[in-house]
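Below you'll find the structure, written out as structure tokens, and then a few comments.
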Amino acid sequence: MTSTRSVAAAAMLASLIASGAGAQAPAGRQPGAPAAAIDALHARLDQAAASVLPKVVAWRRDLHAHPELGNQEVRTSAFLAEQLRAMGYEVRTGVAKTGVVAVLKGGRPGPVVALRADMDALPVTEETGLPFASKARGEYGGREVGVMHACGHDFHMSMLLGAAEVLAGMKADLPGTVKIVFQPAEEGVPGEPGGAEVMVKEGVLDNPKVDAMFGLHVGITPLEAGSITFRPKGLMAGGDTYRLVVKGRQTHGAMPWAGVDPIVVAAQIVLGLQTVVSRQIDLTTAPAVVTVGTIEGGSRHNIVPDEVRMSGTIRTFDPGMRKEILARVKRTAENIAEAAGATAELILDEGYPVTWNDPALTERMTPSLKRVAAGTFNPNTQPTTTSEDFSYYGQKVPALYFFLGVAPKGSDPSAWAANHSPRFSPDEAALITGVRALSSLAVDYLAGAGK
Ligand SMILES: [Zn+2]
Ligand SMILES: [Zn+2]
């Protein structure tokens, strides 16, 4: 729906950009659209977001009632593609199995901005009691399970569809291109490739090449609906799993000198690894964790075994520090083993990288998020130890990821059912903030706000 007011606002933006009014920006920086033009665009955007809201609620409930597990989002994919085609997007399906990528070329030249939502649900049996609660069943790890949007990806998809419609309504006046990215399998599918890493390999960031990318997650902390929090640099942890195989030489437990004891070596390695974070890393720059989670070896009280197997997790918030810690863990284990005449082999299962918010982009887009936040606004929140595969996009292009509060206003934070709970029930009052946030980030970035 287009109102007289929004037509006037668009005309104002077009004429201000055309007149070069933006050239008053400080020397050495690319001019963006002037503040008055951006204000006019915001007014139009907010009106469009309010108009699309009933549809966003309906989309959300439909998606919620029909959740699909990672790499199986077939109905979801068809649903999203159909909506995007109806809005006038150029749609590509089947990206990383079930992903959907849609492009909208604005009426004016400019950069390319991408907005991303994840599509997958979890093997959780819903207990919210909502009228549109999921009754879906699926197969996970060879077992039949309930399937539920227990992480809020139904919110992510419906808000992004809403933003896509808002932006489609402004197409003629957009100075650049919008790429809408619906990505499968964020939660990971054991034994299968998928998600953002595969989307990147299949060219989601190319053709047209993406200049900046934005995404959000609902919940994570029990903040009131509409709250927005984020931070520059590491927002969510990089999580790597490692295994260590310590090989000695088996012998009689009464004659340890006749072999090499991997149990004693493993014990030394456990202690040695404690010093990686506590003694060797500058903890004033970012936190980090190295944990030994399992240790197994031996079969009998009087046998020194051949080998001990260990495993653990490493959590980091800074890509450089992650590399450093991985190298030090390997060095510590190998050299302690060598000192005893044993060997230690480190096998790394790389997890999702650090979700890294580009500092310059984060600073530039902070006013856009501040404008739309309801409730708490915190541009320097604490990092979280959960991980997110949006991080793969941030490794390739400047990216910004933020959290959207979805707890009902006035609810008790200590009683909150968090993401992945069968009772996770985000408040739909947050939907409008998500739609406004995503469309504002796109419009403000393209229009050069804050440049
Ligand atoms: Zn999740
Ligand atoms: Zn999630």
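Everything quoted here is computed from the prediction, not taken from an experiment. Hydrogens, waters and symmetry mates are skipped; everything else that's a heavy atom, side chains included, is used. Indexing begins at 1, ligand by ligand and atom by atom, following the structure's order.
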Point to revise | Between H153 and H217, ring centroids under 6.0 Å | key: yes
Exercise for review: Identify, by name, the N, O or S atom of H217 lying closest to the Zn ion (ligand 2).
Suggested key: NE2
Review point. In this structure, are over 12 heavy atoms from other groups packed under 6.0 Å from E192 atom CD?
Key: yes
Review point. What does the angle at the Zn ion (ligand 1) come to, between atom OE1 of E187 and atom NE2 of H420, rounded to 10°?
Key: 90°
Practice item. State whether C151 contributes an N/O/S atom found under 2.8 Å from the Zn ion (ligand 2). Key: yes
Exercise for review: Using 2.8 Å as a strict upper limit, say whether an N, O or S atom of H153 approaches the Zn ion (ligand 1) that closely.
Suggested key: no
Practice item. Just do the side-chain hydrogen bond (donor to acceptor under 3.5 Å, both in side chains) check on Y393 and Q183 with the steps written out, would you? Key: CA-CA 11 Å; Y393 308 117; Q183 175 219 300; 2.8 Å; yes
Review point. Is E350 paired with K323 through a side-chain N to carboxylate O contact shorter than 4.0 Å?
Key: no
